[in-house]
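Predicted model, so just to flag it, every value in this text is computed and none were measured.
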Amino acid sequence: MTKKQERARGWLVSLLSTGLVIGLGTGAPLEAQQPLQPGNAMTVRSDIQEANSKTGVITARGNVQVYYPARKIQATAAQAQYFSRERRLVMTGNVYVLQEGNSIRSETITYLVDEGRFIATPQTSQQVESIYLVQDNPNPAQPGASPAPAPVPSPSLPAAPTINPR
């Protein structure tokens, strides 16, 4: 095996051990030689990618797209780095993340895989923008109000006749 083949094999083994599936450009994702759990793979597509098998850091640059179906996450960024040992994804450059209809936009967003937590940091003198889907509560509780008393059962009355429309 040549040195170039050894480096390529080490890079591929590093990628496969992280559970990360990558796609270069518009090509299809690499097929893992060991089976991945369905839905647990995080797919990263970009113009350029590199992996360091010593540090376990995978870097994707240019038109980065991240898809993580296990957590229903889709994201776009200019660059993304996956730190496999810490299980941390750092996305930079006009980052947009969509998860179950909720979204967040910032210059830098870090996703901590084990905690399922996003940390967003804007550029200087900018802000983070988040949009959350909030369901309206049909009976909103008034702040400071005591809960409504439970209904008092009334004495038993004969049941009303049921009308069956035909």
Side-chain angles (χ1 to χ4, degrees), residues 1-138 140 143:
M1 189 179 285
T2 68
K3 275 233 187 243
K4 187 175 181 180
Q5 289 172 324
E6 285 177 18
R7 275 191 309 231
R9 185 179 188 290
W11 182 74
L12 181 60
V13 168
S14 172
L15 288 175
L16 295 177
S17 67
T18 64
L20 185 68
V21 177
I22 62 168
L24 303 174
T26 58
L30 294 175
E31 292 296 323
Q33 293 177 351
Q34 54 189 338
L36 293 173
Q37 301 264 336
N40 286 343
M42 179 188 301
T43 303
V44 178
R45 297 184 195 276
S46 66
D47 296 336
I48 298 169
Q49 293 188 19
E50 59 187 56
N52 185 322
S53 60
K54 290 186 196 270
T55 63
V57 178
I58 300 160
T59 303
R61 288 187 191 92
N63 301 309
V64 176
Q65 299 171 19
V66 177
Y67 181 58
Y68 190 16
R71 305 275 176 92
K72 298 178 182 167
I73 295 172
Q74 297 176 28
T76 58
Q79 175 176 301
Q81 286 190 296
Y82 182 66
F83 297 83
S84 61
R85 293 184 182 138
E86 297 92 13
R87 295 175 44 87
R88 174 173 50 107
L89 178 68
V90 179
M91 299 171 283
T92 55
N94 193 27
V95 184
Y96 177 75
V97 176
L98 179 66
Q99 184 180 37
E100 295 184 354
N102 300 305
S103 67
I104 188 165
R105 186 180 300 273
S106 184
E107 181 59 26
T108 302
I109 296 178
T110 300
Y111 180 63
L112 305 173
V113 176
D114 292 334
E115 296 177 33
R117 184 166 64 114
F118 293 97
I119 302 167
T121 309
Q123 284 183 324
T124 305
S125 70
Q126 296 292 316
Q127 290 184 312
V128 174
E129 175 187 88
S130 296
I131 300 173
Y132 299 103
L133 300 179
V134 180
Q135 289 187 345
D136 287 336
N137 185 354

Inset, instruction - For Asn102 and Leu133, indicate whether the former's side chain and the latter's backbone hold a donor-acceptor pair under 3.5 Å. - result: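 Yes.
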
Legend entry - Val90 backbone acceptor or donor facing Thr110 side chain under 3.5 Å: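 No; judged by distance alone, with no hydrogens or angles, the pair does not exist.
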
Legend entry - Ala60: side-chain contact (heavy atoms from CB on, under 4.5 Å) partners, not counting sequence neighbours: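 Here the qualifying residues are Val44, Ser46, Gln49, Val64.
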
Inset, instruction - Return the set of residues passing side-chain contact (heavy atoms from CB on, under 4.5 Å) with Tyr96 (not counting sequence neighbours), or none when no residue passes. - result: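 By the side-chain contact (heavy atoms from CB on, under 4.5 Å) rule, Tyr96 matches Thr76, Leu98, Ser103, Arg105.
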
Between [atom1] of [X] and [atom2] of [Y], what distance do you get to the nearest 0.5 Å?
X: Gln79; Y: Arg61; atom1: CD; atom2: CZ; result: 5.0 Å
X: Ser53; Y: Ile58; atom1: OG; atom2: CD1; result: 10.5 Å
X: Asn94; Y: Glu107; atom1: CG; atom2: CD; result: 7.0 Å
X: Gln123; Y: Thr92; atom1: CD; atom2: OG1; result: 10.5 Å
X: Gln65; Y: Thr43; atom1: CD; atom2: OG1; result: 10.5 Å

Legend entry - Min side-chain heavy-atom separation Phe118-Val95 under 4.5 Å: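 With C-beta onward as the side chain, the pair stays apart.
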
Legend entry - Nearest heavy atoms of Met91 and Ala80, plus distance in Å: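 Smallest heavy-atom distance, with atoms named: CG-CB, 4.0 Å.
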
Inset, instruction - Heavy atoms only: give me the nearest Arg71-Val113 pair and the separation to one decimal. - result: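 Closest pair (atom of Arg71, atom of Val113, distance): NH1-O, 2.7 Å.
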
Legend entry - Plane angle bin for Tyr111 and Tyr68 - parallel if under 30°, tilted between 30 and 60°, otherwise perpendicular: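 Ring orientation, 0 to 90° scale: perpendicular.
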
Inset, instruction - Mark yes when over 12 heavy atoms from residues, nucleotides or ligands other than Gln127 sit less than 6.0 Å from its CD; otherwise mark no. - result: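 Atom CD in Gln127 is not crowded, with 12 or fewer foreign heavy atoms closer than 6.0 Å.
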
